[in-house]
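Structure first, commentary second.
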Amino acid sequence: MKHIRGYESALSGNFYSYEPGKIKYQCDKTGENLDVVYDYDYIKKHFNKADLKDSRDYSIWRYAPMLPVKTLDHIPPLQIGWTPLYKSRKLGKNIGLDNLYFKDDGRNPSASFKDRASAIALVRAIEDGATIVTGASTGNAGSSMACLCASVGMPAVIFVPEKAPVAKIAQLLIFGAKVFAVRGTYDEAFDLCLKVSGEFGWINRNTGYNPFTREGKKTCAFEICEQLEWEVPDRVFVSVGDGNIISGLWKGFRDLFKLGFIDKIPKLYGVQSEKSNSIFLSVKECKLDPDADIRICTVKATTIADSISVDTPRDGQMAVRAILETDGDAVQVSDEDILDAVKLLGKNEGIFAEPAGATAYAGVRKLALMGDLPEDETIVAVITGNGLKDVSSALKVAGKPIGINPDLDEVKRYIN
Ligand SMILES: Cc1ncc(COP(=O)(O)O)c(C=O)c1O
């Protein structure tokens with residue numbers, strides 16, 4: 001892969017050359033996550049905006065020259081990415097924003113943003129000769145990996161907390177993964193999965209730990225800019241669990257900036273529940289003491305938004321950097337705000353989001369109602385997961401149907 005130079009550690013910047021056929025997970029000296037380093041001069045010679053204009057590939061693979069894949073021979077056949085970017089018709093105006101957009105990533109094959117990451121992790125695994133892929137997940141990353149593995153015949157072994165929403169477990173099983181429902185938290189499932197992949201030598205897709213998850217997630221930033229005809233949004237809001245989506249968005253905007261496709265980088269906002277607010281607390285500490293090293297706080301997560309219920313974010317350092325270096329912010333909202341956002345998005349925009357998927361909009365709403373967002377700016381809220389994944393949470397705010405006999409007069413009584 002001539003367009004890839006190697007890896008750099010998240011904070012200390014230690015560099016490792018890329019070794020073909022071998023994945024490198026962490027910095028040998030510090031244990032930090034790694035970030036893939038590209039040769040932008042090489043990419044510039046082989047890829048430009050005009051190529052995109054002519055492309056009829058409406059998926060993440062339209063950006064292949066900026067992705068860590070050797071060829072397109074092993075890509076999953078399912079359509080990943082190029083999800084719709086809708087301009088808000090009602091919710092933006094209701095909170096005083098003229099240009100609010102929703103990027104609906106619940107429209108991916110397994111119904112979450114995670115398909116972007118799984119796709120790249122899977123192709124890298126195949127190109128590196130893997131025979132089994134494993135991963136730990138709050139539910140979406142695992143069901144996504146299982147879905148894409150099923151599409152290419154790669155065995156998947158997935159670890160989830162046993163309390164993961166039933167729809168996500170159903171997805172995992174239907175996609176034919178070997179599923180371990182761990183009696184414990186997501187963080188415990190994550191650590192167990194690390195031990196298992198170490199023991200058996202399987203490729204590990206764990207979020208952030210596998211450096212290629214961020215590379216898949218960055219494609220959302222590419223799409224946002226292209227779908228806005230290269231008008232860069234002023235601010236992008238996204239929910240945060242491990243922090244890998246927000247660090248992926250940052251990487252995507254930085255890639256485009258370095259290639260000269262865009263001339264600024266949006267402010268990135270990470271939104272969390274007050275009941276799982278590690279990044280919120282960590283950003284607050286960094287702002288109080290800007291010269292200190294980034295330290296990631298550990299919390300006891302209990303939010304209803306299961307996908308972002310994380311004690312110790314595994315890509316926390318890069319998430320905090322993404323927020324601070326783009327002059328964005330971390331926002332915390334209540335679980336009630338999150339459920340309200342699920343209802344508002346459904347009723348006013350026709351978008352059904354799971355709680356973690358609606359959290360970005362809950363953050364936009366909170367800041368807009370506080371008067372903290374200029375009305376004419378372009379703001380994107382990334383909707384990261386589909387509401388059908390967690391119907392029991394949606395039913396908490398959905399209201400109830402009207403029970404009637406099959407009788408027209410009864411209907412008339414209600415209508416009148
Ligand atoms: C629907 C949804 N939203 C947001 C997130 C948070 O992503 P990250 O853990 O990369 O911060 C996840 C992660 O599982 C998710 O599934």
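Both counts, for ligands and for their atoms, begin at 1 and track the order of listing. Remember, it's a predicted structure, so these values are computed and weren't measured experimentally. All heavy atoms count here, side chains included; hydrogens, waters and symmetry mates do not.
- Ligand 1 does not have Arg314 within reach: every non-hydrogen atom of the residue lies 4.0 Å or more from it.
- The contact set between ligand 1 and Ser239, taken as ligand atoms under 4.0 Å from a residue heavy atom, comprises 3 (N), 4 (C).
- Using a 4.0 Å cut-off between heavy atoms, Thr384 contacts ligand 1 through both its backbone and its side chain.
- Numbered from 1 in the order shown, with element, the atoms of ligand 1 that lie under 4.0 Å from a heavy atom of Lys217 read 10 (O).
- Checking Lys87, Glu375, Glu231 one by one against Asn99, the side-chain hydrogen bond (donor to acceptor under 3.5 Å, both in side chains) holds for a single residue, Lys87.
- A distance below 6.0 Å separates the ring centres of Tyr209 and Tyr25.
- A donor-acceptor distance shorter than 3.5 angstrom exists from the side chain of Ser143 to the backbone of Asn140, with no hydrogens or angles considered.
- Between the OG1 atom in Thr359 and the NZ atom in Lys366 there is a gap of 12.5 Å [rounded to 0.5 Å].
- Here the closest heavy-atom approach between residue Tyr86 and residue Ile351 is recorded as CD1-CD1, 3.8 Å.
- Heavy-atom contacts of Val240 reach the following atoms of ligand 1: 11 (O) (cutoff under 4.0 Å).
- The shortest contact between atom 5 (C) of ligand 1 and any protein heavy atom is with Ile308 CG2, 3.7 Å.
- The parts of Asn244 lying near ligand 1 are both backbone and side chain, judged by heavy-atom distances below 4.0 Å.
- At under 3.5 Å, a nitrogen or oxygen of Gly241, whether backbone or side chain, sits near a nitrogen or oxygen of ligand 1.
- Trp82 and Tyr63 have tilted rings, their planes meeting at an angle from 30° to 60° on a 0 to 90° scale.
- In the vicinity of Gly385, heavy-atom distances shorter than 4.0 Å reach the ligand 1 atoms 1 (C).
- At a 4.0 Å heavy-atom cut-off, ligand 1 touches Thr138 through the side chain alone.
- Taking the six-membered ring where the residue is Trp, Trp230 and Phe261 present perpendicular rings, their angle passing 60° and hence far from 30°.
- Aromatic ring orientation, His3 versus Tyr38: tilted (interplanar angle from 30° to 60°).
- Under a 4.0 Å heavy-atom criterion, Gly243 is in contact with ligand 1.
- Atom 12 (C) of ligand 1 has its closest protein heavy atom at Lys114 CE, 3.5 Å.
- When hydrogens are left out, the protein atom nearest atom 16 (O) of ligand 1 is Asn140 ND2, 2.7 Å; that is the closest non-hydrogen contact.
- Nearest protein heavy-atom contact of atom 9 (O) of ligand 1 is Asp242 N, 2.7 Å.
- Near Glu354, the atoms of ligand 1 lying under 4.0 angstrom from a non-hydrogen atom of the residue are 1 (C).
- In this structure, the separation between CZ on Arg254 and NZ on Lys258 is 5.5 Å, given to the nearest 0.5 Å.
- With no hydrogens or angles considered, a side-chain donor-acceptor pair links Ser307 and Glu354 at under 3.5 Å.
- Not a single N or O atom of Gly357, backbone or side chain, sits closer than 3.5 Å to an N or O atom of ligand 1.
- At the shortest separation from atom 15 (C) of ligand 1 among protein heavy atoms lies Ser307 CB, 3.4 Å.
- Remark: Gln272 engages no residue in a side-chain hydrogen bond (donor to acceptor under 3.5 Å, both in side chains) (not counting sequence neighbours).
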